[in-house]
Amino acid sequence: MNETEILEKLNDRQREAVLATDGPVLILAGAGSGKTRVLVHRIAYLIDVVGVYPSQILAITFTNKAADEMRGRVDTLIGEGAEHVWVSTFHSLCVRILRRHADRIGFTRSFSIYDSDDQLTLMKSVFREEHVDAKRLKEKAVLAAISSAKDELVSPEKYRAVNRDFFGSQVADLYERYQRRLKESNAMDFDDLIVKTVELFEQFPEVLESYRNRFRYLMVDEYQDTNTAQFRFVSLLAGGHGNLCVVGDDDQSIYKFRGANIRNILGFEKIYPDAAVIRLEQNYRSTKHILSAANEVIRHNLGRKEKRLWTDHPEGEKIAVRRFDSSFEEAEYVCGEIASYIRDGLYDYRDCAILYRTNAQSRLFEEKFLMANIPYQIVGGVSFYSRKEIKDLLAYLKTIDNAVDDLAVRRIINVPKRGIGATTVAKLDDYAVSGGMSLFEAVCACGNVPTISGAAAKKVAAFSDFIGVLRAKAEDASVPDVLKEVIEQTGYVRELEAEHTEEADARIDNINELVNKAAQYQEEAETPTLSGFLEEVALVADIDTVDEGDDRVLLMTLHSAKGLEFPVVFMTGMEEGLFPSSLAIHADRPEEEIEEERRLAYVGITRAKERLTLTCARERMVRGEMVTSPMSRFIREIPRDIVDMGPVGAPGRRVTLPARGADAAIRSAVLASPSFGRPFPGTGERHRDSSYSNPYAAYQKAVRSAGGPAAGSDGGAASGPAGGSAASGLNKSGSEAAVPAGDGPLGYQTGDTVRHVKFGEGVVREIADGKRDYLVTVDFPSWGVKKMYASFANLKKV
DNA sequence: TATATAGTGTTTTTT
DNA sequence: ACACTATATA
């Protein structure tokens with residue numbers, strides 16, 4: 001491409017950003033201002049006009065998803081040679097560097113990467129070793145302190161020097177011990193990946209020099225979220241040539257809890273006085289109303305770089321604000337709205353996203369979506385890789401790959417049960433510690449351990465032989481083959497198959513999925529290795545696995561939503577105490593914390609392209625307790641003239657009707673009904689009903705593993721609210737709700753065979769007349785008995 | 001050594 | 001509400 005072609009599709013500011021190739025550049029990119037576009041065009045310009053080799057360009061992102069997207073767009077725009085541009089996340093880039101030079105800092109190239117579960121396990125072990133009473137000091141609190149220290153590049157020694165109080169010196173001890181254990185296990189935690197790379201660069205200038213020569217042009221995305229360690233890493237790399245282009249938006253800095261240092265972006269010009277500063281303020285994503293809401297909310301923050309996003313898009317719909325009596329009604333409303341969008345052909349499921357502050361909030365929506373048969377995907381929460389069966393199998397791979405990974409060995413030494421109990425393991429452990437060896441070395445030498453009896457020793461020896469066989473196999477087998485061998489030889493799946501429970505079946509599905517991932521890795525990796533696979537597995541975030549092609553509603557936290565956009569966004573749980581979180585409200589320095597929450601609100605609002613709905617509930621269950629909350633201040637910060645308060649009343653009054661999908665007659669009928677304006681009938685009962693929540697858990701597993709509510713499920717949905725006593729309050733269709741029971745409005749009745757879009761044909765068992773909708777029980781031969789609301793199920797008589 | 005049970009504490013957000 | 005831990009028991 002020539003210069004004109006690259007520049008013609010950009011606005012003035014964007015063009016400026018592309019043309020500022022050399023020296024430090026700060027691009028303040030407001031939400032939706034086309035920053036990825038700028039970065040990709042900048043790369044094209046560097047290669048095609050400036051003549052930089054693709055391999056000399058490095059772009060760093062925070063998530064694999066962002067990296068993949070940029071990779072794809074670079075490939076499309078540039079074509080030939082584009083594959084040599086480095087596009088990577090901080091963490092995977094650091095792993096690549098560390099593997100190459102691991103021996104210099106006392107590790108081998110097959111070092112393990114510990115996730116937060118592993119960290120906790122290790123810290124618990126350190127507590128035991130140090131005889132620390134877990135009642136006095138929490139493992140998680142210590143890990144948090146250590147993590148913050150690492151974010152700030154504070155070593156155990158330095159930590160000790162700075163924190164002289166009791167807690168401080170205790171943590172310093174544990175920090176030191178923890179690091180030693182990691183090193184003995186040839187393992188690093190997430191934070192170490194950055195810290196160790198910085199150490200490598202600082203201790204071995206020639207290594208740093210080689211990377212400085214290699215990467216002549218650096219670009220860092222989401223710069224507002226870099227912590228001190230990442231900042232140092234970037235500064236070191238850019239140190240020679242100074243060609244460092246950072247892109248960020250201080251208003252979207254939402255990772256302070258993870259050590260993100262907003263000063264990195266606010267002070268960029270101080271650190272690099274000759275930096276070119278470019279502001280991208282034209283928004284290409286949202287309507288005028290949505291943008292105004294975002295601008296008005298974020299305006300309440302002090303100490304930000306003044307900017308005001310604008311757009312030439314139409315005004316669009318006003319911001320819908322809906323307040324409900326309970327969180328159940330809130331979920332029902334959102335569900336009903338989405339159903340009506342689909343019914344009216346306005347949007348697809350994939351156009352809609354539900355955002356919330358905490359992962360726990362997803363449950364309510366999930367229940368409603370299951371009932372309504374709406375396809376959905378939850379991002380975050382329990383990760384695929386943190387499931388027991390997956391962690392077990394990965395621990396086998398780690399044991400094969402990195403024999404000194406004590407944590408992995410300990411995890412599988414008696415999985416499946418082979419009669420090596422806690423006592424034997426403790427003896428092996430003692431022997432290992434006294435002999436200064438790893439646990440697995442002790443296992444191999446168990447014949448020499450005097451305290452272990454003959455019978456136990458035999459079992460331990462069998463285990464070490466077993467690993468030996470697997471290791472031999474791993475020498476020349478592919479990753480999926482090694483994994484399959486482990487599954488076969490351990491009988492892991494056979495054992496699960498024998499259980500014949502839904503949970504076991506879900507676990508088997510997960511295992512198959514893991515084999516698929518291994519096979520995919522083997523296909524795609526340049527030089528596939530066990531370490532490489534384990535690393536890829538360790539560094540994926542849940543958001544990375546979201547497939548744009550699937551037609552489903554996405555549910556995720558506001559944090560996960562950063563960088564994404566959707567035509568329709570619901571921001572839910574907009575209540576004081578939840579969002580902003582009560583932890584922020586009652587923090588030592590509340591103003592600061594509230595500002596971070598406000599930035600989170602800003603991120604949420606700016607995800608919406610066309611429609612934005614903010615919902616809140618007067619009452620909701622929080623950890624088993626009913627909590628009453630006022631509406632979030634962030635709603636109040638939006639000017640009233642761009643807010644649509646709903647069909648009846650204003651926020652603060654009872655608003656429980658859908659804005660759409662109900663005509664005037666229906667509306668007045670519902671208004672007149674005795675249930676309107678009173679606590680939702682039966683919600684409390686329903687939630688206490690264990691038949692509702694328990695099967696749901698199993699159902700949920702099946703759903704998650706199969707990627708949608710339609711697959712892999714059976715009886716779960718059958719145990720909905722008993723007898724339809726608490727009918728769906730708000731459904732999409734007024735006409736169905738208003739007509740009395742009978743086969744007239746539904747077009748079928750008990751005994752009829754009906755067709756469902758997902759479950760196929762089934763026989764109607766029961767039609768219960770709920771308050772506002774019918775609850776239909778259908779027996780699907782291949783899926784089991786299901787209860788569903790008539791207006792959502794869209795059943796057709798056959 | 002493995003399992004059932006009662007009691008305990010916990011959560012904001014995540015690479 | 002839920003998961004995890006310590007304890008008792010087979």
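Chain letters run A, B, ... following the sequence lines, proteins first, then strands; residues in each count from 1.
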[X]: partners by side-chain hydrogen bond (donor to acceptor under 3.5 Å, both in side chains), with sequence neighbours left out:
X        : value
A:Glu625 : none
A:Glu575 : A:Arg620
A:Glu69  : A:Arg73

*asked:* According to ring-ring contact (aromatic ring centres under 6.0 Å, His included), does anything in residues 569-590 of chain A pair up with another residue at least two apart or in another chain? List the pairs.
replied: A:Phe579-A:Phe634
Under 4.0 Å between any heavy atoms, over every strand shown, what does [X] touch: base, sugar-phosphate, or nothing? Just pick one.
X        : result
A:Asn414 : sugar-phosphate
A:Ser116 : nothing
A:Ser582 : nothing
A:Asp191 : nothing
A:Lys459 : nothing
A:Lys138 : sugar-phosphate
A:Tyr255 : sugar-phosphate
A:Ser560 : sugar-phosphate
A:Phe62  : sugar-phosphate

*Angle class for the A:Phe257/A:His559 ring planes (parallel below 30°, perpendicular above 60°, tilted otherwise)?*
perpendicular
*Could you check whether the rings of A:Phe233 and A:Phe201 sit parallel, tilted or perpendicular, using 30° and 60° as the cut-offs?*
parallel
_Measure CD/A:Glu625 against P/C:dC2 and give the value in whole Å, please._
15 Å
*Could you state the NZ-P distance from A:Lys388 to C:dC4, rounded to the nearest angstrom?*
12 Å
*asked:* In whole Å, measure the gap between the P atoms of C:dC4 and B:dT13 for me.
replied: 15 Å
*Pick the nucleotide of DNA chain B nearest each of A:Phe190 and A:Arg357; which residue has the one closer to the 5' end?*
A:Arg357
*According to the salt bridge (charged side-chain N to carboxylate O under 4.0 Å, His left out) rule, which pairs have a member within residues 580-592 of chain A, sequence neighbours left out?*
A:Lys256-A:Glu592
*Give me the first and last nucleotide of DNA chain B, going 5' to 3', that has any atom under 4.0 Å from a heavy atom of chain A.*
B:dT1 to B:dT15
